[in-house]
Amino acid sequence: MSFDVYVWRFENGEPAALDLSVAHEVLAPHVAERDPETNHLLVRTAGRGQADVYLHDPTGITVNRFGGDGIMDLLALLLRRLDAVLVVPGGPTVLRRDEDRALLPAALRDEWPVVVARTGAEIDRAVRGGHGARQGAF
């Protein structure tokens, strides 16, 4: 897929810091290339999956050009370990637990679809089914 998705944490409707050391720990076994100047990681999974991952400031991770087996499972693990959500512009916000809705900013909670997905397969269905579903997306 060639669009961006974002890994974010929220507390009381505001962005909260991600533990980037945990993100590095989760992604490290899959890093094929690293560019420290841009904080870019090319990750590959055993199932021939691949994604570009950008570790920005402590409140956000961008993932793009992702596909192949294993990438959504890796995203599911990243969301679980970071206690984070996946934001798909023009599509859903993916939560691991329904009670996390209360943590989202009102705009994400009220104006866009919010789905609960815990596994890579569930996240894949949510992203594919919800991407571009809203008018004006991308």
Side-chain angles (χ1 to χ4, degrees):
M1 293 182 209
S2 62
F3 55 90
D4 295 345
V5 296
Y6 303 94
V7 176
W8 287 334
R9 278 189 75 240
F10 296 101
E11 293 176 1
N12 301 316
E14 297 294 326
L18 295 166
D19 186 342
L20 293 183
S21 66
V22 171
H24 281 286
E25 179 184 315
V26 169
L27 297 171
H30 306 283
V31 173
E33 295 176 21
R34 179 185 315 265
D35 183 349
E37 289 185 25
T38 60
N39 295 317
H40 169 260
L41 303 174
L42 174 65
V43 297
R44 291 193 176 119
T45 63
R48 299 181 59 187
Q50 179 172 306
D52 287 312
V53 179
Y54 296 87
L55 302 166
H56 300 294
D57 62 48
T59 60
I61 297 172
T62 302
V63 180
N64 66 21
R65 295 192 310 199
F66 53 94
D69 291 341
I71 289 297
M72 292 306 196
D73 292 330
L74 186 57
L75 268 176
L77 177 61
L78 192 62
L79 295 178
R80 182 177 59 80
R81 293 283 311 276
L82 294 172
D83 196 25
V85 302
L86 186 69
V87 177
V88 182
T93 297
V94 179
L95 310 174
R96 293 181 322 102
R97 300 175 301 263
D98 194 52
E99 56 268 20
D100 289 343
R101 286 177 200 265
L103 303 174
L104 297 174
L108 285 179
R109 186 179 58 240
D110 301 336
E111 297 176 24
W112 297 97
V114 177
V115 297
V116 175
R118 293 176 186 88
T119 67
E122 290 171 348
I123 293 170
D124 187 53
R125 280 192 298 277
V127 169
R128 289 179 188 279
H131 179 71
R134 300 288 292 226
Q135 186 175 4
F138 301 97

ask   = Once you round to the nearest 0.5 Å, how far does CG of D83 lie from CG of D100?
value = 6.0 Å
inquiry  = Nearest 0.5 angstrom please: D124 CG to F66 CZ, how far?
reply    = 8.5 Å
task = Report the relative orientation of the aromatic rings in W8 and F10; use parallel for angles under 30°, tilted for 30 to 60°, perpendicular for over 60°.
result = perpendicular
Reported NE2-to-CG distance for the pair H30 and L77, which is rounded to 0.5 angstrom = 7.5 Å
query = If you measure from CZ on R65 to CD1 on I71, what distance do you get to the nearest 0.5 Å?
reply = 12.5 Å
request  = Spell out, yes or no, whether V7 and L42 are grouped together once hydrophobic residues are joined by side-chain heavy atoms under 4.5 Å, including indirect joins.
outcome  = no
request  = Could you pull out all residues at least two apart from R44 that satisfy salt bridge (charged side-chain N to carboxylate O under 4.0 Å, His left out)?
outcome  = none
task = Report the residues that fulfil side chain to side chain donor-acceptor pair (under 3.5 Å) with E99, sequence neighbours left out, ordered by chain and then residue number.
result = none
For residues 17-25, please give each side-chain donor-acceptor pair under 3.5 Å, one per line with the distance, not counting sequence neighbours.
from: D19; atom 1: OD1; to: S21; atom 2: N; distance (Å): 3.1
from: D19; atom 1: OD1; to: S21; atom 2: OG; distance (Å): 2.5
from: D19; atom 1: OD1; to: V22; atom 2: N; distance (Å): 3.4
from: E25; atom 1: OE2; to: R81; atom 2: NH1; distance (Å): 3.3
from: E25; atom 1: OE2; to: R81; atom 2: NH2; distance (Å): 2.8

task = Return the set of residues passing side-chain contact (heavy atoms from CB on, under 4.5 Å) with D69 (not counting sequence neighbours), or none when no residue passes.
result = none
Set of salt bridge (charged side-chain N to carboxylate O under 4.0 Å, His left out) partners for E11, sequence neighbours left out = R9
key: R109 side chain vs L104 backbone, donor-acceptor pair below 3.5 Å   = yes
key: Counterpart residues, salt bridge (charged side-chain N to carboxylate O under 4.0 Å, His left out), relative to D35 (two or more places apart)   = none
key: Joint cluster assignment, L75 & F3, ILVMFWY side-chain distance < 4.5 Å   = yes
note = Residues at least two apart in sequence or cross-chain that pass side chain to side chain donor-acceptor pair (under 3.5 Å) with D73, listed by chain then number, are none
request  = Supply the atom-to-atom distance L55 CG to N39 CG, rounded to the nearest 0.5 angstrom.
outcome  = 6.5 Å
request  = Output all residues satisfying side chain to side chain donor-acceptor pair (under 3.5 Å) with R118, sequence neighbours left out; order by chain, then residue number.
outcome  = none
ask   = Who passes salt bridge (charged side-chain N to carboxylate O under 4.0 Å, His left out) against R34, sequence neighbours left out?
value = none
remark   = Across all chains, not counting sequence neighbours, the side-chain contact (heavy atoms from CB on, under 4.5 Å) partners of N12 are none
Partner residues of A46 under the side-chain contact (heavy atoms from CB on, under 4.5 Å) criterion, sequence neighbours left out = none
inquiry  = Can you tell me how far apart CG (N64) and CG (D4) are? Round to the nearest 0.5 Å.
reply    = 4.5 Å
side-chain contact (heavy atoms from CB on, under 4.5 Å) partners of T119, counting only residues at least two apart = A121, E122
